[in-house]
Amino acid sequence: VTHSDLDVFYSFGRGEVSMLSCEISTLLAGRTAKDINVPGEITVVSVTRDDKAFIPSSGTTFKEGDVVHLAVLSSAMLRLEEMLGLERRV
């Protein structure tokens with residue numbers, strides 16, 4: 001179960017890993033990809049900014065309105081939601 005602000009658009013295997021996207025809010029604006037990446041659990045795969053996608057480096061700074069695309073281990077979903085400041089809805 002994921003938060004409604006997280007758009008899961010692909011699952012791998014039996015759902016162990018999901019690709020999802022979410023819009024960067026004021027909470028994460030100014031933070032970097034390194035702040036979200038958790039080795040083996042959460043990886044920022046790409047960022048879409050001003051209708052252009054790119055692969056971020058660990059030092060890429062997020063701007064409000066960016067859409068981030070993430071690969072997330074299912075067991076790390078709650079951790080991601082907490083990082084994003086989202087309340088979990090069952």
Side-chain angles (χ1 to χ4, degrees):
V1 177
T2 62
H3 191 276
S4 60
D5 290 340
L6 299 176
D7 178 27
V8 176
F9 58 88
Y10 195 82
S11 292
F12 297 93
R14 296 184 182 149
E16 299 89 357
V17 175
S18 295
M19 288 292 295
L20 57 90
S21 62
C22 67
E23 187 170 325
I24 294 295
S25 66
T26 55
L27 180 68
L28 287 177
R31 306 288 299 270
T32 64
K34 179 175 65 174
D35 295 330
I36 293 181
N37 286 334
V38 178
E41 294 183 18
I42 302 167
T43 301
V44 180
V45 176
S46 70
V47 176
T48 301
R49 178 180 295 157
D50 300 324
D51 294 323
K52 295 180 183 174
F54 60 94
I55 297 173
S57 69
S58 62
T60 297
T61 301
F62 298 125
K63 295 182 179 182
E64 188 172 356
D66 284 353
V67 176
V68 294
H69 312 279
L70 305 142
V72 183
L73 195 63
S74 62
S75 61
M77 197 64 73
L78 181 59
R79 184 175 188 169
L80 174 65
E81 291 171 357
E82 290 170 350
M83 273 194 264
L84 298 176
L86 303 174
E87 291 183 23
R88 192 173 185 98
R89 296 180 186 154
V90 179

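Because only heavy atoms are used, hydrogens play no part in the values below, and waters and symmetry mates are left out as well, while side chains stay in. Along the sequence shown, residues carry numbers from 1. Since the structure is predicted, the reported quantities are computational estimates derived from the model, not experimental observations.
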TODO: Kindly compute the distance separating CG (D35) from OG1 (T61), expressed to the nearest 0.5 Å.
DONE: 9.0 Å
Task: Inter- and intrachain pairs under side-chain hydrogen bond (donor to acceptor under 3.5 Å, both in side chains), touching residues 70-80, at least two apart - done: E41-R79
Task: Residue pair V44 / L70: nearest heavy atoms and the distance that separates them - done: CG2-CD2, 3.6 Å
- [ ] Just jot down the side-chain hydrogen bond (donor to acceptor under 3.5 Å, both in side chains) partners of S57, sequence neighbours excluded, or say none.
- [x] T60
- [ ] Check the pair R31, I36 against side chain to side chain contact (heavy atoms under 4.5 Å, CB included), reporting the backbone distance first and the verdict last.
- [x] CA-CA 9 Å; R31 306 288 299 270; I36 293 181; over 6 Å; no
- [ ] Using a 4.5 Å cut-off on heavy atoms from C-beta on, say whether the side chain of L6 contacts that of L84.
- [x] yes
Task: Shortest non-hydrogen contact between P56 and V45, atoms and distance - done: CD-O, 3.6 Å
Task: Closest non-hydrogen atom pair between A53 and T48, with its separation - done: CB-OG1, 3.8 Å
Open item on the list: Under 4.5 Å between side-chain heavy atoms, counting indirect links through other Ile/Leu/Val/Met/Phe/Trp/Tyr residues: same cluster for V38 and V72 or not?
Closed with: yes
- [ ] Can you see which heavy atom on V47 is nearest to which on F62, and at what distance?
- [x] CG2-CE2, 4.0 Å
Could you pull out all donor-acceptor pairs under 3.5 Å where a side-chain atom in residues 8-28 meets a protein atom, sequence neighbours excluded?
| from | atom 1 | to | atom 2 | distance (Å) |
| --- | --- | --- | --- | --- |
| E16 | OE1 | R14 | N | 2.7 |
| S25 | OG | L27 | N | 3.3 |

